[in-house]
Number of protein chains: 2
Amino acid sequence: MAKDRKIDLVILGLLFHEDLTGYDIKKRIDGGISFFWKGSFGSIYPALADMEKSGYVEKRGVQTKGRREKILYHITDKGIDALKEWLNVEQAANDLKYETMLKLYFGGAQDKGTALKNIRYFEDQVKSDLAVLRVYQENLKKVMDQKDHIYYYLTVTFGIDTYEAYLKWCGRAKKILGGMEE
Amino acid sequence: MAKDRKIDLVILGLLFHEDLTGYDIKKRIDGGISFFWKGSFGSIYPALADMEKSGYVEKRGVQTKGRREKILYHITDKGIDALKEWLNVEQAANDLKYETMLKLYFGGAQDKGTALKNIRYFEDQVKSDLAVLRVYQENLKKVMDQKDHIYYYLTVTFGIDTYEAYLKWCGRAKKILGGMEE
DNA sequence: CCGCAGATATATCGTTTTGATATATCTATT
DNA sequence: AATAGATATATCAAAACGATATATCTGCGG
């Protein structure tokens, strides 16, 4: 792989299953993988253009039924090799940025109520995200026997497990802060 | 706050407790808050220069004992206001990027062994990070009565809780993948 | 006491990513 | 027929990363 862009691997991974437009790719990223990865048009389109030039993907059926242009991308053998190479490298950067924790850490600069408010906001966020994941999980149980779905199932389970741990922590944090004299 | 830079708030939050050099700030970020926030020199130094110009921080005691320059930064009232304003806003972006989950999600492109290898690598990472956090927690228990430490304690607890959830998931994921026919 | 490795300290640069915006077409609804 | 919302591509300024350059200070072994 020439460049050191993570978005390239995300795109290749998605294209491995099916041909997609840039817009489709964005939808996939905002869908079932959004709780562990993000990506914007500003990185997707340039990456597609670059990878097309260097032969990792190719344009397929620039469909112009009617008038509107729509560019479907297809992964090449070179692209598949790059994807597999990345999967084989025993290394992974897991970058977490919890603004909630940052605010809590600096909590001493404000009153206890502010800290509690931020924890409650976090709790609400987590609860709604968790509800979405549980729906994914229910839908998956019906097709669990299909070979490829096991990997999707594992990531969804990961999300649910961590979100449940967050909620438990929220409960305890509220108790500790609540039972603390100002 | 003029610009929309998160690093500004991190710096202000750290400077609220004590005057620091850019290098000190980097050390603090790499220390007890590294598991929920990151920051590089490439963002710290430009942010300090900007914030000094706009009056959020000021240079203190450009110590030149001997010869070597060392710039200590001090938070101003304007800086404290900006920090408190941020803490009061009921909003927080928690951005998670787990390359491990990404690889697992695309696992269908490779064999089961590769997926297992990546889970084991993740497990090792988590175990060593968890050990560090437990040491932090032990040290904190001794000073838990001190008012400001409660916030630090809560963030450390959050890290431990989530890492423990990760480990439980790793165990189950290995079982599920292990008991799966290729 | 000299050498030298490693920590301290500031700073910059190219690359990647974000988040917002612009533009235009297609589709379903009222 | 109007129009709101989804589809689709693309670009740009701003933010952050990660690597590198430079230089000094400190402690340790030979």
Nearest 0.5 Å, please: how far is OH in B:Tyr105 from CG in B:Leu102? 9.5 Å

Membership question, hydrophobic clusters at under 4.5 Å side-chain separation (ILVMFWY): are [Y] and [X] in the same one?
X        : Y        : value
B:Phe106 : B:Ile176 : yes
A:Tyr166 : A:Tyr121 : no
A:Val89  : A:Leu87  : no

For the helix from C:dC1-D:dG30 to C:dT30-D:dA1, what is the angle between the axes at its two ends, each from 5 pairs, rounded to 10°? 20°

As a test of understanding, state which of B:Val135, B:Ile150, B:Val156, B:Thr157 forms a side chain to side chain contact (heavy atoms under 4.5 Å, CB included) with B:Leu140. B:Val156

Where at least one partner belongs to residues 83-108 of chain A, residue pairs that pass salt bridge (Lys or Arg N to Asp or Glu O under 4.0 Å), sequence neighbours excluded: A:Glu99-B:Lys6

Which pairs, with at least one residue in residues 7-35 of chain B and sequence neighbours excluded, count as a salt bridge (Lys or Arg N to Asp or Glu O under 4.0 Å)? B:Arg5-B:Asp8, B:Glu18-B:Arg28, B:Lys26-B:Asp30

Testing B:Trp37, B:Phe36, B:Phe158 for ring pair (Phe, Tyr, Trp, His ring centres under 6.0 Å) with A:Tyr98, which one passes? B:Phe158

In residues 38-52 of chain B, what residues come within less than 4.0 Å of DNA chain D, judged by heavy atoms? B:Lys38, B:Gly39, B:Ser40, B:Gly42, B:Ser43

Pull out every residue in residues 3-16 of chain A that has a heavy atom closer than 4.0 Å to any atom of DNA chain D, ordered by number, or say none. none

Between D:dA10 atom C1' and A:Lys59 atom NZ, what is the distance in whole Å? 12 Å

In this structure, how many angstroms lie between the C1' atom of D:dA23 and the CD1 atom of B:Ile71, rounded? 14 Å

Report yes if at least one side-chain N or O of B:Lys70 is closer than 4.0 Å to OP1 or OP2 of D:dA23; otherwise report no. no

So B:Tyr136 and B:Tyr152, would you call those rings parallel, tilted or perpendicular, with 30° and 60° as cut-offs? tilted

Short side-chain to backbone donor-acceptor contact, B:Ser54 and B:Asp50, under 3.5 Å: yes

B:Ile71 versus B:Leu48: any side-chain heavy-atom pair under 4.5 Å? no

Is any side-chain heavy atom of A:Phe122 less than 4.5 Å from a side-chain heavy atom of B:Asn94? yes

Stepwise, does the side-chain contact (heavy atoms from CB on, under 4.5 Å) test hold for A:Leu177 with B:Leu154? CA-CA 9 Å; A:Leu177 277 179; B:Leu154 285 173; 3.8 Å; yes

Residues of residues 19-37 of chain A with a heavy atom under 4.0 Å from any atom of DNA chain C, listed by number, are none

